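Some notes on the structure that comes next.
This one's a predicted model, so the numbers in the text were calculated from it and none came from an experiment.
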Amino acid sequence: LHFAQVFKVVELLGNEWAADSLVHIPYGLVSLAGEKLSTRDGNVIYAEDILKEAISKIKEIIIEKNPDLPNKDEVSKTVGVGAVMFNDLYNQRIKDVSFNWNKLLNPDGETGPYVQYTYARCSSILRNVGEYDISNIDYSIITNSASIALIKDFDRFPSIIEDAAAKYEQSVIARYVMDVAHSFNKFYTDHHINVEDEATRNARVSLVVITRRIIKDALALLGIGDVEQM
């Protein structure tokens with residue numbers, strides 16, 4: 001049935017509110033290695049199996065690269081599930097999605113693990129800095145291009161949320177948080193955070209704090225968790 005016909009059926013069943021309140025949200029198709037998934041043809045993959053496989057693959061990576069990481073199972077679950085969700089939500093919902101494990105789990109690509117790792121990096125920086133005071137920052141000392149680009153990304157967050165809500169388009173938020181992660185990692189690469197000059201350190205730490213909070217909130221809007229260490 002066409003979605004308009006579905007609304008009419010619901011209305012006839014006594015739920016008149018549905019005709020005015022429901023919104024049809026179309027989605028694209030999902031393919032695996034270029035092959036279309038179809039329940040009619042019996043070519044299906046269950047979401048539960050995909051999530052379990054993602055968690056398992058992430059845990060293997062963690063054991064290889066950070067064997068001393070505490071709470072490996074919890075981190076693997078958060079990152080694995082987040083990787084699958086981000087891969088889907090990063091694309092415009094109307095466009096077709098090609099499911100690829102290497103792309104989905106790449107910690108250096110346009111992926112959920114990349115964003116989650118950036119959040120974990122922010123947390124690690126703040127732990128290493130120790131005590132800091134960001135209650136009275138002199139932002140006039142922030143003049144470098146990487147910091148300014150990051151601050152400009154901060155300023156976009158409210159309008160990004162409004163745009164995503166108006167369009168029923170989750171990819172707006174996913175792509176935005178990826179931009180923030182890229183901008184932060186550029187800033188982090190170009191500039192030391194824990195420097196001797198207190199005013200400079202506190203100003204740069206404030207950018208870390210804001211980045212961390214925005215990533216946390218953006219991921220939460222997408223239904224994805226964050227981790228303190230990876």
Side-chain angles (χ1 to χ4, degrees), residues 58 61-62 65-66 69 75 78-79 82-83 85-87 89-91 103-164 170-230:
I58 288 295
I61 295 173
I62 290 175
K65 296 188 175 183
N66 192 4
L69 178 71
V75 173
T78 300
V79 177
M85 293 179 64
F86 195 88
N87 180 71
L89 300 176
Y90 189 70
N91 298 281
K103 178 182 177 182
L104 181 146
L105 300 176
N106 183 0
D108 298 317
E110 308 283 304
T111 64
Y114 176 83
V115 176
Q116 289 172 312
Y117 180 76
T118 304
Y119 177 89
R121 169 173 278 174
C122 290
S123 297
S124 175
I125 292 171
L126 296 179
R127 287 194 298 270
N128 292 333
V129 167
E131 295 184 3
Y132 54 86
D133 180 11
I134 59 173
S135 61
N136 188 24
I137 299 297
D138 179 9
Y139 287 105
S140 66
I141 66 177
I142 300 178
T143 58
N144 61 80
S145 59
S147 298
I148 292 173
L150 182 58
I151 292 172
K152 287 181 177 179
D153 278 339
F154 295 163
D155 188 55
R156 294 165 51 208
F157 195 27
S159 63
I160 286 292
I161 297 174
E162 292 177 358
D163 190 35
Q170 74 289 326
S171 66
V172 173
I173 296 175
R175 290 180 179 273
Y176 165 75
V177 76
M178 181 62 66
D179 288 344
V180 172
H182 281 316
S183 293
F184 175 79
N185 286 313
K186 169 65 175 172
F187 157 72
Y188 175 75
T189 300
D190 291 352
H191 304 284
H192 293 295
I193 309 298
N194 197 14
V195 294
E196 291 187 6
D197 182 73
E198 184 177 359
T200 301
R201 181 178 66 253
N202 288 337
R204 292 178 181 176
V205 166
S206 72
L207 300 187
V208 179
V209 171
I210 296 171
T211 299
R212 181 176 179 273
R213 183 54 194 244
I214 286 180
I215 291 178
K216 183 181 186 70
D217 289 347
L219 288 177
L221 288 172
L222 297 173
I224 298 174
D226 55 73
V227 292
E228 294 296 317
Q229 299 181 67
M230 280 181 66

Check: How far apart are the closest heavy atoms of Glu110 and His182, and which atoms are they?
Finding: OE2-NE2, 2.9 Å
Item checked: Side chain proximity check, Tyr132 to Leu126, heavy atoms < 4.5 angstrom -> yes
Margin query: In the structure I gave you, are the side-chain heavy atoms of Val227 and Val79 within less than 4.5 Å of one another anywhere?
Written below: yes
Notebook entry, point to check: Is it true that atom CZ of Arg156 has more than 12 heavy atoms of other residues, nucleotides or ligands lying nearer than 6.0 Å?
Noted result: yes
Item checked: Verdict with reasoning, Ile215 to Asp226, per side chain to side chain contact (heavy atoms under 4.5 Å, CB included) -> CA-CA 9 Å; Ile215 291 178; Asp226 55 73; over 6 Å; no
Next item on the list: Might you work through the side chain to side chain contact (heavy atoms under 4.5 Å, CB included) test for Ile193 and Val208, ending with a clear yes or no?
Entry: CA-CA 9 Å; Ile193 309 298; Val208 179; 4.2 Å; yes
Next item on the list: Give the minimum heavy-atom separation between Ala203 and Ile141, together with the two atoms involved.
Entry: CB-CD1, 3.9 Å
Margin query: For Tyr119, is there any backbone N or O sitting under 3.5 Å from a side-chain donor or acceptor partner on Ser123?
Written below: yes
Margin query: I'd like to know if the side chain of Asn87 reaches the main chain of Ala83, judged simply by a donor and an acceptor atom lying under 3.5 Å from each other, with no hydrogens or angles considered.
Written below: no
Note to self: Restricting to non-hydrogen atoms, name the atom on Ser171 and the atom on Tyr90 that form the minimum distance, rounded to 0.1 Å.
What the structure shows: CB-O, 3.5 Å
Check: Step by step, would you call Val177 with Phe86 a side chain to side chain contact (heavy atoms under 4.5 Å, CB included)?
Finding: CA-CA 11 Å; Val177 76; Phe86 195 88; 3.9 Å; yes
Notebook entry, point to check: So, Arg201 side chain and Asn194 main chain: donor-acceptor pair closer than 3.5 Å or not?
Noted result: no
Checklist line | Rounded distance (nearest 0.5 Å) linking atom OG1 of Thr118 with atom CE of Met178 | finding: 8.0 Å
Margin query: Can a donor-acceptor pair be found, under 3.5 Å and without considering hydrogens, that links the side chain of Tyr188 to the backbone of Cys122?
Written below: no
Notebook entry, point to check: Just wondering, more than 12 heavy atoms not from Tyr117 lying within 6.0 Å of its OH?
Noted result: no
Check: Can you name the nearest heavy-atom pair linking Ile173 to Ala218, along with the distance?
Finding: CG2-O, 3.8 Å
Next item on the list: Return the minimal non-hydrogen interatomic distance between Gln116 and Gly225, and the atom names on each side.
Entry: NE2-O, 2.9 Å
Checklist line | Donor-acceptor pair, side chain of Thr111 and main chain of Asn106, under 3.5 angstrom | finding: yes
Checklist line | Donor-acceptor contact below 3.5 Å, side chain Asn202 vs main chain Asp133 | finding: yes
Note to self: Can a donor-acceptor pair be found, under 3.5 Å and without considering hydrogens, that links the side chain of Thr211 to the backbone of Leu207?
What the structure shows: yes
Item checked: Backbone N/O of Glu196 and side chain of Thr200: donor-acceptor pair under 3.5 Å -> no
Check: Considering only heavy atoms from C-beta outward, does the side chain of Met230 approach that of Asn66 to under 4.5 Å?
Finding: no
Item checked: CD1 on Ile148 to OG1 on Thr143, rounded to 0.5 Å -> 6.5 Å
Next item on the list: Report the distance from atom CD1 of Ile125 to atom CZ of Phe184, rounding to the nearest 0.5 Å.
Entry: 4.0 Å
Next item on the list: Answer yes or no: is there a donor N or O on one side and an acceptor on the other, between the side chain of Asn185 and the main chain of Ala181, under 3.5 Å?
Entry: yes
Checklist line | Rounded distance (nearest 0.5 Å) linking atom CG of Leu150 with atom CG of Asp190 | finding: 11.5 Å
Margin query: Please report the interatomic distance CG(Asn144) to CZ(Arg204), rounded to the nearest 0.5 Å.
Written below: 6.5 Å
Check: Is the number of heavy atoms from other residues, nucleotides or ligands within 6.0 Å of CG (Asp197) greater than 12?
Finding: yes
Check: Say you draw a straight line from OG of Ser147 to NZ of Lys152; how long is it, rounded to the nearest 0.5 Å?
Finding: 12.0 Å
Next item on the list: Return the minimal non-hydrogen interatomic distance between Met85 and Leu222, and the atom names on each side.
Entry: CE-O, 3.4 Å
Item checked: Stepwise side chain to side chain contact (heavy atoms under 4.5 Å, CB included) test for Phe157 and Ile161 -> CA-CA 6 Å; Phe157 195 27; Ile161 297 174; 3.8 Å; yes
Next item on the list: Find out whether Arg213 and Val209 are in side-chain contact, i.e. whether some heavy atom of one side chain is under 4.5 Å from a heavy atom of the other.
Entry: no
